[in-house]
Amino acid sequence: MQPSIDLLFHALADPSRRKIIERLSRGPATVSELARPLDMSLPAVVQHLQLLEASGIVTTKKIGRVRTCSLDAMSLSRAEQWLNERRNAVVQRLGRLGEYLESTQSDPKK
């Protein structure tokens, strides 16, 4: 079962989590590597990663004592699809409004 779109956008809402996503877009990284540029404790980074994993954006694999994180691009595609559907609906409504306004204008030549 896919995580809800609400959880996905909740995960994307935080600047620190977006920094983690930006880093993972360049390739897998360990938790320590992800924590290094962030101004927070390692346990705080782990909490952010747990939310990213629950949302489906990040997957993790533990080998020995090292946990490596990777980005799941398909989950970001879900967010993109949702936004595109909303954009298309708005564009269609605006198109219909434009058509209506054109049909209600009187011809100045008459």
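How far CD of Q81 is from CE of M74: 9.0 Å, rounded to the nearest 0.5 Å. To the nearest 0.5 Å, atom NE2 of residue H48 and atom CG of residue L38 are 7.5 Å apart. To the nearest 0.5 Å, atoms OG1 (T60) and CD (Q50) are separated by 9.0 Å. Here the CG-OG distance, from L52 to S16, works out to 10.0 Å after rounding to the nearest 0.5 Å. Atom CZ of residue R36 and atom CG of residue L42 lie 10.5 Å apart, to the nearest 0.5 angstrom. In this structure, NZ on K19 lies 13.0 Å from CD1 on I21, to the nearest 0.5 angstrom.
The heavy-atom pair separating S4 from R78 by the smallest distance is C-NH2, 3.8 Å. Taking all atoms of both residues into account, the shortest heavy-atom contact from A11 to I57 is CB-CD1, 3.9 Å. The nearest pair of heavy atoms linking H10 to R17 is O-NH2, 3.2 Å. Shortest non-hydrogen contact noted between A79 and L12 is CB-CD1, 4.3 Å. Between L24 and A29, the shortest heavy-atom contact is CD2-N, 3.8 Å. Between P28 and T68 the shortest heavy-atom distance is CB-CG2, 3.9 Å.
When the shell of 6.0 Å around CG of D39 is examined, it contains 12 or fewer heavy atoms from other residues, nucleotides or ligands.
Counting heavy atoms from C-beta on, the side chains of L71 and T59 never come closer than 4.5 Å. The closest side-chain heavy-atom distance from D72 to V58 is not below 4.5 Å. Considering only heavy atoms from C-beta on, L7 comes within 4.5 Å of L51 through its side chain.
Annotation: cation-pi pair R86/W82 present, NZ/CZ under 6.0 Å from the ring centroid and within 45° of its normal.
Side-chain N or O atoms of E33 include one that pairs as donor or acceptor with a backbone N or O of T30 at under 3.5 Å.
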